Asker: 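If you scroll down you'll find the structure; I have some questions about it.
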Amino acid sequence: QVQVVESGGGLVQAGGSLKLSCAASGSIFSRNSMDWFRQAPGKQRELVASITSGGSTSYAESVKGRFAISRDNSKKMVYLQMNSLKPEDTAVYYCHGFFTSWGQGTQVTVSS
């Protein structure tokens, strides 16, 4: 299975921006879609963004126009650019694919 390591989270004021990074291992990475999920305290994990092997993207309605997912297959990296952050975006963010394990995630905290 493919291991992932998320990074880039932190504390940010509402309206600010963060860019999350996901480093993946394994040669299968470039042939599969990758997703960003998030999980807030007491809530289920939810899908926020997806990107196919060819670069097509999709987003949850709550983040459309604010978040952008991208990937660099040569570096085995996935990114999530987050702009205009809201307190409701506070969660642990995870990257995941069909053949990946779950990493530790990275905490994003947006203060009001």
Side-chain angles (χ1 to χ4, degrees):
Q1 64 186 42
V2 176
Q3 297 182 13
V4 296
V5 179
E6 301 95 341
S7 62
L11 176 63
V12 65
Q13 200 78 25
S17 298
L18 284 173
K19 186 174 183 178
L20 308 184
S21 298
C22 172
S25 64
S27 61
I28 200 171
F29 171 83
S30 63
R31 303 196 299 274
N32 292 93
S33 296
M34 291 294 292
D35 310 315
W36 282 98
F37 290 80
R38 67 186 182 188
Q39 187 168 26
K43 297 185 178 180
Q44 293 186 351
R45 189 172 294 160
E46 64 173 338
L47 178 66
V48 298
S50 298
I51 185 167
T52 69
S53 60
S56 297
T57 61
S58 61
Y59 301 92
E61 187 66 29
S62 60
V63 307
K64 284 182 179 178
R66 301 189 298 118
F67 290 10
I69 188 172
S70 60
R71 68 192 297 165
D72 184 336
N73 288 338
S74 67
K75 298 180 180 179
K76 298 180 180 179
M77 297 287 291
V78 185
Y79 307 97
L80 185 67
Q81 178 67 50
M82 305 185 295
N83 300 320
S84 301
L85 283 162
K86 305 174 181 180
E88 307 94 272
D89 296 319
T90 295
V92 178
Y93 284 71
Y94 302 87
C95 65
H96 194 262
F98 187 79
F99 293 104
T100 74
S101 61
W102 290 100
Q104 295 299 307
T106 185
Q107 176 72 49
V108 172
T109 302
V110 184
S111 62
S112 59

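Every heavy atom of this structure was used, including side-chain atoms; hydrogens, water molecules and symmetry mates were not. This structure is a prediction, so every number in the text was calculated from the model and none was measured.
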Asker: What's the separation between atom OG in S56 and atom CD1 in I51, rounded to the nearest 0.5 Å?
Answerer: 8.0 Å
Asker: Output the distance between atom CD (Q104) and atom OG (S7), rounded to the nearest 0.5 Å.
Answerer: 13.0 Å
Asker: Can you tell if the side chain of D89 reaches within under 4.5 Å of the side chain of R38, non-hydrogen atoms only?
Answerer: yes
Asker: Short question: side chain of Q39, backbone of V92 - any donor-acceptor pair under 3.5 Å?
Answerer: no
Asker: With under 30° as parallel and over 60° as perpendicular, where do the rings of H96 and W102 fit, or are they tilted in between?
Answerer: parallel
Asker: Kindly determine whether C95 and E6 satisfy side-chain contact (heavy atoms from CB on, under 4.5 Å), including the steps that lead there.
Answerer: CA-CA 7 Å; C95 65; E6 301 95 341; 3.8 Å; yes
Asker: Taking all atoms of both residues into account, what is the closest heavy-atom pair of A49 and L80, and its distance?
Answerer: CB-CD1, 4.1 Å
Asker: Verify side-chain contact (heavy atoms from CB on, under 4.5 Å) between T100 and M34, making sure each step is shown before the conclusion.
Answerer: CA-CA 9 Å; T100 74; M34 291 294 292; 4.2 Å; yes
Asker: Under the 6.0 Å and 45° cation-pi test, does R71 pair with F29?
Answerer: yes
Asker: If you count every heavy atom of other residues, nucleotides or ligands that lies below 6.0 Å from Q44 atom CD, does the total exceed 12?
Answerer: no
Asker: Go through S25 and K76 one step at a time and tell me if the side-chain contact (heavy atoms from CB on, under 4.5 Å) criterion holds.
Answerer: CA-CA 7 Å; S25 64; K76 298 180 180 179; 6.0 Å; no
Asker: In terms of hydrophobic clusters joined by side-chain contacts under 4.5 Å, are V108 and Y59 together?
Answerer: yes
Asker: Flag yes if more than 12 heavy atoms outside E46 fall under 6.0 Å of its CD atom; otherwise flag no.
Answerer: yes
Asker: Do Y79 and V48 sit in one hydrophobic cluster, given that two such residues count as connected whenever their side-chain heavy atoms are within less than 4.5 Å of each other, even indirectly?
Answerer: no
Asker: Within the supplied structure, the quantity of interest is the number of heavy atoms (other residues, nucleotides, ligands) at a distance under 6.0 Å from E88 CD; does it exceed 12?
Answerer: yes
Asker: Same hydrophobic cluster for V2 and F98, using side-chain heavy-atom links shorter than 4.5 Å among ILVMFWY?
Answerer: yes
Asker: Kindly indicate whether the side chain of P87, heavy atoms from C-beta on, has any atom under 4.5 Å from the side chain of S112.
Answerer: yes
Asker: Of the non-hydrogen atoms in Q107 and A91, which two are nearest, and what is the gap between them?
Answerer: NE2-O, 3.4 Å
Asker: Would a single hydrophobic cluster contain both L85 and Y94, if residues Ile, Leu, Val, Met, Phe, Trp and Tyr are joined by side-chain heavy-atom contacts under 4.5 Å?
Answerer: no
Asker: Looking at every non-hydrogen atom in both residues, tell me the closest pair between G8 and T106 and how far apart they are.
Answerer: N-OG1, 3.9 Å
Asker: How about S21 and M77: do any of their side-chain heavy atoms sit closer than 4.5 Å?
Answerer: yes
Asker: For T57 and I69, indicate whether the former's side chain and the latter's backbone hold a donor-acceptor pair under 3.5 Å.
Answerer: no
Asker: Shortest non-hydrogen contact from D35 to S50?
Answerer: OD1-OG, 2.8 Å
Asker: Can you see which heavy atom on V4 is nearest to which on S101, and at what distance?
Answerer: CG2-O, 3.7 Å
Asker: Following the transitive rule for hydrophobic clusters with a side-chain heavy-atom cut-off under 4.5 Å over Ile, Leu, Val, Met, Phe, Trp and Tyr, establish whether F37 and V110 coincide in one cluster.
Answerer: no
